[in-house]
Amino acid sequence: MGMPVSLALRGRHADDTAAWEQVLAELRHVDAVFSTYRPESVISRLGRGEITEDECPPEVHEVLALARRAERASGGAFSAWRDGALDPSGVVKGWAVERAAAPLSALADTDFCLSAGGDMVCRGLEQPWRIGIEDPHDHTRVLATLDVRVGAVATSGTSRRGQHIADARTGRPPTAVASVTVVAGRLTWADIDATAAYAQGADAAAWLGHRVGRTGLVVWADGSTTTVGGTAP
Amino acid sequence: MRRIVLWFLATLATVVLLFGYRTSTSSTMPSTVAVAAPAAAAAPSTGTPSAGTPAAGTTTVTGTTASTRWGPVQVQLTVAGKKITAVDVVQYPNGNGRDQEINSYAIPTLVQETLSAQSANIDMVSGATVTSDGYLTSLQSALDKAGIA
């Protein structure tokens, strides 16, 4: 599976490729630690019981703590443990991209938007970044736009990982919802909440509405939409 | 604006292999405009321990409910040994008008007509097909090509 990483820069350090190299180095590092597809990764060895959690590097503790919080917050719909196997990938992506964006934050007078596979971290101090939300039923269309100054946007839906996202409580993929887009201050939580809301199917918008500091858009299977956080009672 | 695109082969959540790397530059942006701060979450009150759910040295402590301008907020800490391992908000403000105030940043605006990314001056696209095979036909791909052509 491929994941494109796109970076837009504007401002004083728009030509700074050193920061970009740091972004890539961080992503590669995270992959080496967390890939469940690599038998030698820390997470694979932990999953096989060859090492204990205490022997893992600090970032593994951080991610597992996030996974536990996400599981609690979603009432179990989101889980990093599938059929007893450890797979924290639902937590890792947003967290990793947020970490990888750190060198970009250090660039003075420079705005950036770092997107990895449709999830992004934005800083638009001079001018907000305009983000389009893809129509899950017609990928050539934009369904909504939003202007983001400082924050993150993540979308979960069927086509991202095939039918990979399932409600951990039932083991079944949701059918009522086509995609969930979440806007939050941090990509770590935008990504987790998009996946957790999506996994809850028909309850996606109601659940997301109770998450403090999130806004978003739920697109239902029938094509109707619910804007979360932006509508009057 | 400068746009850099990199195609990774991902092992799922993250990345491995460099596929292509193209860059280009175009104009920079004008200045002005003040910074909009994201909305702040409410501060928790000082908590009195009220519940303990022991699970192998793990304890949860629920704080007292704090009144905020948006409504009541209650926070729960999970402590393993001497370390706080999680902070969860267990009670949220439920007045919708107040929710709106907390959440009032970057709300998606629905677009009524068919709109391509380029015609709307869109910088990036958030969507489920931007990953994997869908990328080549995605709007993000079109934007990247336009930006680096």
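We name chains A, B, ... by the order of the sequence lines, and we start the count at 1 in each one.
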Nearest heavy-atom neighbours spanning B:V111 and A:V142: CB-O, 4.1 Å
For A:E98, salt bridge (charged side-chain N to carboxylate O under 4.0 Å, His left out) partners two or more places apart: A:R186
Beyond-backbone contact of B:D123 with A:C113, side-chain heavy atoms, under 4.5 angstrom: no
Any A:S6 side-chain heavy atom under 4.5 Å of B:Q140 side chain: yes
Gap between atom CE of B:M124 and atom CG of A:L7 - 0.5 Å precision: 6.5 Å
Nearest atoms (heavy-atom pairs only) where B:P108 meets A:T227: O-CG2, 4.1 Å
Inter-residue atom distance B:T109.OG1 - A:L143.CG, 0.5 Å rounding: 11.5 Å
Exam field: side chain B:S126 to backbone A:G118, donor-acceptor pair closer than 3.5 Å: yes
Heavy-atom pairs under 4.5 Å with chain B, option from A:L217, A:T225, A:I131 with the top count: A:I131
